[in-house]
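Shown next, in structure tokens, is the structure this report addresses.
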Amino acid sequence: MADFVDIMDVAPRDGLQNDPVDLSTEDKLELIARLVAAGLKHVEVTSFVNPKRVPRMADADELSRRLPKLPGVSYVGLLMNERGMERALAAGIAEINAVTVASDAFAARNQNMTSEQSVDLAIAILEAARAAGVKASVGIATAFGCPFEGEVPVERVAAIAKRLAEAGYPEIALADTIGVATPGDVIERFGALAAAAPGVKMRGHFHNTRNTGIANAWAAVSVGVRGLDASLGGIGGCPFAPKATGNIPTDDLAYMLARSGYETGIDLPKLVEASTWLGERLGRQLPAMLGRAGIFPKLAA
Ligand code: MG
């Protein structure tokens with residue numbers, strides 16, 4: 001069996017949270033259904049954050065309650081604090097993704113706390129998730145650089161990963177929140193993660209802000225990362241990271257991995273169809289290239 005790479009589509013959350021178009025809950029549910037129909041087993045569906053700060057995610061509770069339960073499909077809710085955890089549990093979310101931040105300046109703007117406090121909080125969230133029987137993973141934001149502080153020392157990222165792994169997080173993502181990472185950084189920082197937290201599952205979260213996103217994904221896979229976040233069509237951007245642009249496109253990533261002999265479980269024609277639908281809904285051409293250029297080789301209809 002080919003090596004499996006678990007792609008989590010984050011379009012409904014990271015993709016839409018800052019979009020000029022406020023997609024209806026119905027349309028979000030259809031987007032999620034289309035992703036699942038295309039073979040995605042992991043979809044980050046929303047975030048349980050303050051709707052005053054992230055208005056696009058104000059329907060998190062209703063949306064989560066209306067998701068159809070499907071075997072093998074995991075809907076993930078992003079959250080940053082215990083209030084978010086309570087909401088996620090009340091809405092029936094079975095998997096949560098917590099956020100820590102590697103730099104103090106970004107932690108202050110994103111979560112109104114220090115980097116260290118964000119780690120303490122993620123550990124408290126893990127305990128609450130365990131008590132509730134909910135799966136949990138965690139990400140380290142600004143793991144490759146901070147829009148306010150600049151360089152983030154690799155030692156700081158490794159120390160955070162060590163604390164999170166020791167607390168029991170089975171999976172840790174390094175997030176390039178502002179899209180500054182290069183393949184060299186990716187190899188260095190996932191190497192440091194593997195050394196600091198041996199045995200933990202590694203996930204990469206890349207933004208394509210400087211067009212290095214897909215190269216970073218490939219670099220991550222080459223050093224044993226088997227979880228990657230991506231967004232349908234390549235939509236996205238963080239409301240608290242100036243000039244942040246989209247995630248790497250799920251479309252192009254799935255194509256690259258499939259043609260390179262990796263298994264993703266994704267049906268490319270269905271994924272492109274979903275991406276085209278999303279572009280129509282958002283009223284613009286999305287960044288992903290696969291739908292424009294066409295799948296190669298062309299599959300018989
Ligand atoms: Mg992001």
Side-chain angles (χ1 to χ4, degrees), residues 6-99 125 128-129 131-139 205 229-239 246-247 250-251 265-267 270-283 286:
D6 171 32
I7 298 179
M8 175 161 80
D9 194 285
V10 299
R13 198 280 302 172
D14 209 352
L16 292 178
Q17 69 181 358
N18 205 31
D19 202 276
V21 178
D22 192 3
L23 223 52
S24 67
T25 307
E26 312 299 325
D27 277 343
K28 289 179 183 177
L29 287 165
E30 180 165 355
L31 166 61
I32 295 161
R34 283 174 177 268
L35 288 167
V36 170
L40 272 298
K41 297 287 184 212
H42 241 142
V43 182
E44 193 170 78
V45 291
T46 190
S47 61
F48 294 91
V49 292
N50 186 342
K52 287 201 190 88
R53 299 197 73 210
V54 190
R56 295 282 183 267
M57 298 290 112
D59 62 351
D61 313 77
E62 187 204 341
L63 175 94
S64 303
R65 279 194 208 98
R66 291 175 60 186
L67 290 167
K69 303 253 181 297
L70 297 169
V73 175
S74 204
Y75 305 116
V76 181
L78 184 89
L79 46 89
M80 300 190 176
N81 54 36
E82 280 137 328
R83 172 79 190 112
M85 185 74 200
E86 283 164 22
R87 285 175 59 198
L89 290 177
I93 281 285
E95 182 167 349
I96 63 102
N97 191 13
V99 181
I125 287 169
V134 162
K135 251 184 98 180
S137 63
V138 64
H205 178 102
D229 294 353
S231 73
L232 186 67
I235 62 169
C238 174
N247 297 92
T250 304
D251 332 25
I266 289 174
D267 179 318
K270 275 195 183 154
L271 191 71
V272 167
E273 243 180 75
S275 190
T276 305
W277 172 87
L278 182 60
E280 284 164 10
R281 274 290 180 260
L282 296 178
L286 304 183

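Because only heavy atoms are used, hydrogens play no part in the values below, and waters and symmetry mates are left out as well, while side chains stay in.
- Summarising the geometry of Ala88 relative to Leu79, their closest heavy-atom pair is CB-CD2, 3.8 Å, with the distance given to 0.1 Å.
- Side chains of Asp14 and Asp229 form no contact here, defined as non-hydrogen atoms less than 4.5 Å apart.
- Under the 3.5 Å distance criterion, the side-chain polar atoms of Arg56 are matched with a main-chain donor or acceptor of Pro20.
- Note: Leu89 CG to Ile96 CD1 = 8.5 Å, rounded to the nearest 0.5 Å.
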Below 3.5 Å, can you tabulate the donor-acceptor pairs from side chains in residues 67-75 to any protein atom, sequence neighbours excluded?
residue: Ser74; atom: OG; partner: Glu95; partner atom: OE1; Å: 2.5
residue: Tyr75; atom: OH; partner: Pro68; partner atom: O; Å: 2.7

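- Atom CD of Glu26 is separated from atom CG of Leu31 by 13.0 Å, given to the nearest 0.5 angstrom.
- With Phe48 as the fixed residue, the side-chain contact (heavy atoms from CB on, under 4.5 Å) test singles out one of Asn81, Ile93, Leu78, Val54: Ile93.
- Once rounded to the nearest 0.5 Å, the distance linking NE2 of His205 with CD of Glu44 reads 7.5 Å.
- Annotation: side chain of Val138 is not in contact with side chain of Ile125 (no heavy-atom distance under 4.5 Å).
- Classification of Lys270 and Glu273 as a salt-bridged pair fails, no side-chain N sitting under 4.0 Å from a carboxylate O.
- Minimum interatomic distance between Ala230 and Ile7 (heavy atoms only, all atoms of both residues): CB-CG2, 4.2 Å.
- The shortest side-chain heavy-atom distance between Arg13 and Asn97 does not fall under the 4.5 Å cut-off.
- With Asp251 contributing its side chain and Gly233 its backbone, the two residues share a donor-acceptor pair below 3.5 Å.
- The two residues Met85 and Ala129 have their closest heavy-atom pair at CE-CA, 3.4 Å.
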Practice task
Show the numbers, then the answer: is there a salt bridge (charged side-chain N to carboxylate O under 4.0 Å, His left out) between Glu86 and Arg83?
Solution key: CA-CA 5 Å; Glu86 283 164 22; Arg83 172 79 190 112; 3.7 Å; yes
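- Judged by distance alone, with hydrogens and angles left aside, the side-chain atoms of Asn247 form no donor-acceptor pair with the main-chain N or O of Gly236 at under 3.5 Å.
- To the nearest 0.5 Å, the span separating OG1 on Thr25 from CZ on Arg65 amounts to 11.5 Å.
- Taking all atoms of both residues into account, the shortest heavy-atom contact from Val43 to Leu40 is CG2-CB, 4.2 Å.
- Of the possible polar contacts, none joining the Ser275 side chain to the Leu271 backbone as a donor-acceptor pair under 3.5 Å is found.
- Atom CD1 of Ile235 is separated from atom CG of Asp19 by 6.0 Å, given to the nearest 0.5 angstrom.
- Panel note: side chain Thr250, backbone Ser231; a donor-acceptor pair is recorded below 3.5 Å.
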Practice task
Would you sort out whether Lys28 and Met57 count as a side-chain contact (heavy atoms from CB on, under 4.5 Å), showing the intermediate values?
Solution key: CA-CA 11 Å; Lys28 289 179 183 177; Met57 298 290 112; 4.2 Å; yes
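- In this structure, Arg87 contributes its side chain and Val49 its backbone to a donor-acceptor pair below 3.5 Å.
- For the pair Thr46 and Ala60, the tightest heavy-atom approach, listed with the atom from each and the gap, is OG1-CB, 3.2 Å.
- Atom CG of Leu16 is separated from atom CG of Asp27 by 9.5 Å, given to the nearest 0.5 angstrom.
- Of all heavy-atom pairs between Pro12 and Ile32, the closest is CG-CG1, 3.8 Å.
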